[in-house]
J.: 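Structure below; questions to follow.
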Amino acid sequence: QYPSPMEKHVTAVETVEEKTDLSTGIIYRRRIATCQNVIPEILRKSYDSSISQVSVLKVPNIYLEEESWLNMQKRNMAMKTHCLTWTQYASLSEESVFRESLENPNWTDFTQKGRISVTGAGLLNCVLEAFAQSFLKQGVKKGIKIMETLLQEQCG
């Protein structure tokens, strides 16, 4: 649940669509997350001057769209997330799947893929991509830790 003290960069999440497919029982949700802009000030200034536009990266918040499909019958959930901010300069997306483990039905297999591409910043493309990749890797580790904490609290 957001906002959460365990994930300080996510300040709000709004469900903008939710529906259940009556034939399959799959629950679809589309949510918009508001997150603090975590790009360091030095990169914001360098990026802005390299593309000759002021304040492109100086926004206080970035917005992500998350879509999820929960199938309780098959005990799995798929999620797709992409960035709604800076779409003309960057593409960030992530796909996650949670499913019942074949080894043990009480376990969950979790797979995640992410993609980052920055364009239009000249020499800074590589620097911004490296920052985003590092930040997202840290986020994956933090997300797993948060999930483990929540499961321990709920399951004892």
J.: Restricting to salt bridge (Lys or Arg N to Asp or Glu O under 4.0 Å), what partner residues turn up for K19, sequence neighbours left out?
T.: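 Per chain and number, K19 pairs via salt bridge (Lys or Arg N to Asp or Glu O under 4.0 Å) with E17.
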J.: Is there a side-chain contact between E66 and M79 (heavy atoms, below 4.5 Å)?
T.: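 Counting from C-beta outward, E66 and M79 do come under 4.5 Å.
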J.: Begin with the C-alpha distance, continue with both residues' side-chain angles, and end with the deciding distance and a verdict on side chain to side chain donor-acceptor pair (under 3.5 Å) for E94 and Q112.
T.: CA-CA 7 Å; E94 178 181 281; Q112 188 172 49; 3.2 Å; yes
J.: To the closest 0.5 Å, what do you measure between CG (L64) and NE2 (H82)?
T.: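 Taking CG in L64 and NE2 in H82, the distance rounds to 9.0 Å.
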J.: What is the distance from atom CG of N71 to atom CD1 of I26, rounded to the nearest 0.5 Å?
T.: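 It comes to 4.5 Å.
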J.: Would you say L70 ends up clustered with F110 if hydrophobic residues are merged whenever their side chains have heavy atoms under 4.5 Å apart, either directly or through other cluster members?
T.: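 Shared cluster, yes.
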J.: Considering only heavy atoms from C-beta outward, does the side chain of W69 approach that of R29 to under 4.5 Å?
T.: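 No, too far: nothing below the 4.5 Å cut-off.
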J.: Sort out for me which residue in E67, E14, E65 forms a side-chain hydrogen bond (donor to acceptor under 3.5 Å, both in side chains) with R30.
T.: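 For R30, the side-chain hydrogen bond (donor to acceptor under 3.5 Å, both in side chains) check succeeds only for E65.
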J.: Less than 4.5 Å apart, side chain to side chain, heavy atoms only: is that true for I27 and E18?
T.: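 They are in contact (side-chain heavy atoms under 4.5 Å apart), so the answer is yes.
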J.: Sub-3.5 Å donor-acceptor pair from the side chain of T20 to the main-chain atoms of L22, do we have one?
T.: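 No, T20 side chain to L22 backbone: no donor-acceptor pair under 3.5 Å.
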J.: Within this structure, what is the OG-NZ distance for the pair S96 and K113, rounded to the nearest 0.5 Å?
T.: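 If we round to the nearest 0.5 Å, S96:OG and K113:NZ are 10.5 Å apart.
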J.: In Å and rounded to the nearest 0.5 Å, what is the CZ to OG1 distance from R99 to T111?
T.: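 Reported to 0.5 Å precision, the distance equals 5.5 Å.
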J.: Linking Ile, Leu, Val, Met, Phe, Trp and Tyr by side-chain heavy atoms under 4.5 Å, what else ends up with L84?
T.: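 Via sub-4.5 Å side-chain contacts, L84 links to V16, I32, Y63.
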J.: Holding to ring pair (Phe, Tyr, Trp, His ring centres under 6.0 Å), I want the full list of residues that pass it with W107, two or more places apart in sequence or in another chain.
T.: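 With neighbours one apart ignored, the set is empty.
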J.: What I'd like to find out is whether the side chain of C35 reaches to under 4.5 Å of the side chain of T11, using heavy atoms alone.
T.: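 A side-chain contact is absent here, since even the closest heavy-atom pair is not under 4.5 Å.
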